Every structure is written in structure tokens, then in C-alpha cells.
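Okay, structure first, notes after.
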Amino acid sequence: MNTPLDWPSIIGLCGTACIIGAYAYLTLARATNPFLLHGTNLLGAALLTVSLVFHTNWASLVLEFFWASIAIIGLVRAWRARGDTETEPR
């Protein structure tokens with residue numbers, strides 16, 4: 001099986017790099033920024049989804065849907081937590 005390295009595959013590889021980078025950041029950083037972490041995961045899932053639209057793999061497409069959903073939940077929680085800390089008196 002010889003699959004060409006076309007533009008959807010290159011976009012998918014960029015998405016893979018985002019997800020691996022986010023995981024490395026989570027593992028190696030002393031403190032993490034949730035917006036950076038979840039935003040990078042969401043970007044990675046979106047880029048991989050673009051690739052999967054052209055080279056359909058249903059199991060991977062479902063995985064990316066849940067990956068993106070979890071990232072969105074993480075971003076919403078981070079946004080809400082940010083709002084709570086801004087309203088606290090000093």
C-alpha cells in the first residue's frame with residue numbers, strides 16, 4: 001500500500017504534531033496554561049478531521065470528534081474559571 005503525501009495528509013500530520021505537542025506540554029511543563037493546552041488539542045483535532053474527510057477512517061473520525069469535544073469542554077471550564085478569579089476581591 002503506497003499512499004501519496006498529498007495536502008490533506010500534510011494537514012493531518014500538522015494536527016498530529018499539535019496533539020503530540022500538547023501532550024508533551026502537559027507532561028513536561030511545571031504549570032500549564034489550560035487555554036494553550038486545550039486550544040492546541042482542539043486545533044489538532046480540527047486539522048486531523050480535515051485530513052479524515054479526504055481519507056476517511058471512521059474510527060479515527062469518531063475519535064477526533066470526542067477529542068475536539070473534550071477540548072471544547074476544557075476551554076469552557078478554563079474560561080469560566082478565569083471569570084471567577086477576576087471577580088474575587090483582592
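These numbers come from a predicted model, not from an experiment.
The side-chain heavy atoms of Ile19 and Tyr23, taken from C-beta on, include no pair separated by under 4.5 Å.
In the hydrophobic clustering of ILVMFWY residues, with side-chain heavy atoms under 4.5 Å counting as a link, Ile73 and Val76 come out apart. The cluster map of Ile, Leu, Val, Met, Phe, Trp and Tyr, joined by side-chain heavy atoms under 4.5 Å apart, puts Leu61 and Phe54 in different clusters. At a threshold of 4.5 Å between side-chain heavy atoms, the hydrophobic network of Ile, Leu, Val, Met, Phe, Trp and Tyr places Trp79 and Ile72 in one connected group. Note on Trp7 and Leu43: same hydrophobic cluster, where clusters join Ile, Leu, Val, Met, Phe, Trp and Tyr whose side-chain heavy atoms are under 4.5 Å apart, directly or indirectly.
Leu47 and Gly15 get closest at one heavy-atom pair: CB-CA, 3.6 Å. Shortest non-hydrogen contact noted between Glu64 and Ala45 is OE1-CA, 3.3 Å.
The CG atom of Leu13 lies 7.5 Å from the OG atom of Ser51; values are rounded to the nearest 0.5 Å. The OG atom of Ser69 sits 9.5 Å away from atom CG of Leu42, with the distance rounded to the nearest 0.5 Å.
Partners of Trp58 by ring pair (Phe, Tyr, Trp, His ring centres under 6.0 Å), not counting sequence neighbours: none found. With sequence neighbours left out, Ala29 forms a side chain to side chain contact (heavy atoms under 4.5 Å, CB included) with Tyr25, Thr32.
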Verdict with supporting geometry, His38 and Ile70, side-chain contact (heavy atoms from CB on, under 4.5 Å):
CA-CA 8 Å; His38 299 302; Ile70 292 166; 5.9 Å; no
Let's go through Thr16 and Ile20 carefully: what are the C-alpha distance in whole Å and the side-chain angles of both, what is the deciding distance for side-chain contact (heavy atoms from CB on, under 4.5 Å) to 0.1 Å, and is it a yes or a no?
CA-CA 6 Å; Thr16 299; Ile20 291 170; 3.6 Å; yes
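The closest donor-acceptor contact from the side chain of Thr40 to the backbone of Ala22 lies at 3.5 Å or more, if one exists at all.
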